[in-house]
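The structure appears right after this line, and notes come after that.
Both counts, for ligands and for their atoms, begin at 1 and track the order of listing.
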Amino acid sequence: MAAPGGTGPIGPFPPRVEGDEAQEEYDRLRRRLLWTLPYGLYVVGSRAGERRNLMTLNWATQVSFEPKLIGIGVEKTALTHQLVADGGSFTLNTIARDDRAIVRKFTKPVEHDPEAGTLNGFTFHDGPTGTPVLDQAVAWLACEVRTPVDCGGHTFFVGEVVDCGFARPEDTEVLRMEDTRMSYGG
Ligand SMILES: Cc1cc2nc3c(=O)[nH]c(=O)nc-3n(C[C@H](O)[C@H](O)[C@H](O)COP(=O)(O)O)c2cc1C
């Protein structure tokens, strides 16, 4: 995983911010502000060939009504990046608030046990596009990549929702970033 908030003070700096010290202070303030942005917290399924992965991700949002587009920001160094780029699809799984411990299990490439049908010990099934859906998810969106947007250290994969479903009652409360003590961004 990349260094939180990037490495060193990152420009641009407003004209009032002059000198190394002021730039470092501004960099820290901007990071604290970015950390206050509210986010959901999800598990993203990806697959290319027989390689499958599940990854914790908070940079996800709907970006269009018509067509139904969802965007996810994925680090270029992540296995998920390779699998989404090669496989051309991803699933976005929502998680029950009670299951918050799950997100810690998907912060590096998973162990696949084909006999048990598990990824890091969690049962899954292949969704409509072949990418994994976590059995424990509250709901899932299956998306086909339409536009990969190069954003520097990350790619924002814009995908169209081609199928979706609830796996638990629709009123199950879903996990948000604020339910954990973790942060990603800044
Ligand atoms: C709370 C939390 C949120 C995260 N959000 C993102 C995210 O939005 N995008 C991303 O690329 N990585 C995110 N990560 C990092 C990934 O989960 C993961 O550590 C890394 O990208 C490697 O994933 P891989 O298994 O695909 O190699 C987050 C990690 C944590 C703990």
- Note on the structure: Within 4.0 Å of some non-hydrogen atom of Val74, the atoms of ligand 1 are 11 (O)
- Look at the rings of His154 and Trp59 and say which category their plane angle falls in: under 30° parallel, 30 to 60° tilted, over 60° perpendicular. tilted
- ligand 1 versus Met177: contacting region, heavy-atom distance under 4.0 Å: side chain
- Under 4.0 Å to a heavy atom of Leu79 - the qualifying atoms of ligand 1, by number: 24 (P), 26 (O), 27 (O)
- Item | Sequence-distant partners of Asp126, salt bridge (Lys or Arg N to Asp or Glu O under 4.0 Å), two or more places apart | Arg47, Arg52
- Message: Show me which atoms of ligand 1 lie under 4.0 Å from any heavy atom of Lys108.
- Response: 25 (O)
- Message: Check for me, please, whether Tyr39 and Val43 land in the same ILVMFWY cluster - side-chain distances under 4.5 Å, paths through other members count.
- Response: yes
- Message: Let me check something: do Tyr26 and Trp35 share a hydrophobic cluster, defined by ILVMFWY side-chain heavy atoms less than 4.5 Å apart, either directly or through other members?
- Response: no
- Counting heavy atoms only, which part of Leu83 comes closer than 4.0 Å to ligand 1: side chain, backbone, both or neither? neither
- Query: What atoms of ligand 1 come within less than 4.0 Å of a heavy atom belonging to Glu75?
  - Reply: 10 (C), 11 (O)
- Per-atom contacts of ligand 1 with Phe106, taking only distances under 4.0 Å to non-hydrogen atoms: 17 (O)
- Task: Ignoring angles and geometry beyond distance, decide whether Gly73 reaches within less than 3.5 Å of ligand 1 through its nitrogen or oxygen atoms.
- Result: yes
- Proximity to ligand 1 by part of Met55, non-hydrogen separation under 4.0 Å: side chain
- Message: As a quick check of understanding, evaluate side chain to side chain contact (heavy atoms under 4.5 Å, CB included) for Leu134 and Phe106, giving each step before the final call.
- Response: CA-CA 11 Å; Leu134 198 56; Phe106 299 118; 4.2 Å; yes
- Message: Using a 4.0 Å cut-off to any heavy atom of Met182, which atoms of ligand 1 qualify?
- Response: 1 (C), 31 (C)
- Closest by any non-hydrogen atom to atom 31 (C) of ligand 1: pick that one out of Thr107, Val84, Thr180, Leu57. Thr107
- Quick one: hydrophobic cluster around Val161, which other residues, with the 4.5 Å side-chain cut-off, linked directly or via members? Tyr42, Val44, Met55, Leu57, Ile70, Ile72, Val74, Val84, Phe90, Leu92, Leu141, Val145, Phe157
- Query: So, the side chain of Thr94 versus the backbone of Ala139: is there a donor-acceptor pair under 3.5 Å, distance only?
  - Reply: yes
- When you look at CZ of Arg176, are more than 12 heavy atoms from neighbouring residues, nucleotides or ligands closer to it than 6.0 Å? yes
- Query: Quick check: does His81 get an N/O under 3.5 Å from an N/O on ligand 1?
  - Reply: no
- Query: How does Tyr184 reach ligand 1, if at all, at less than 4.0 Å between non-hydrogen atoms: by side chain, backbone, both, or neither?
  - Reply: side chain
- Item | Nearest-0.5 Å distance, OG1 of residue Thr131 to CG of residue Leu54 | 9.5 Å
- State if Val103 counts as touching ligand 1 under the rule of any non-hydrogen atom under 4.0 Å. no
- Nearest-0.5 Å distance, CG of residue Asn53 to NZ of residue Lys108: 12.5 Å
- Any atoms of ligand 1 less than 4.0 Å from a non-hydrogen atom of Pro109? List them with their elements. 25 (O), 27 (O)
- Which of these, Thr56, Thr80, Asn58, has its nearest heavy atom closest to atom 30 (C) of ligand 1? Thr56
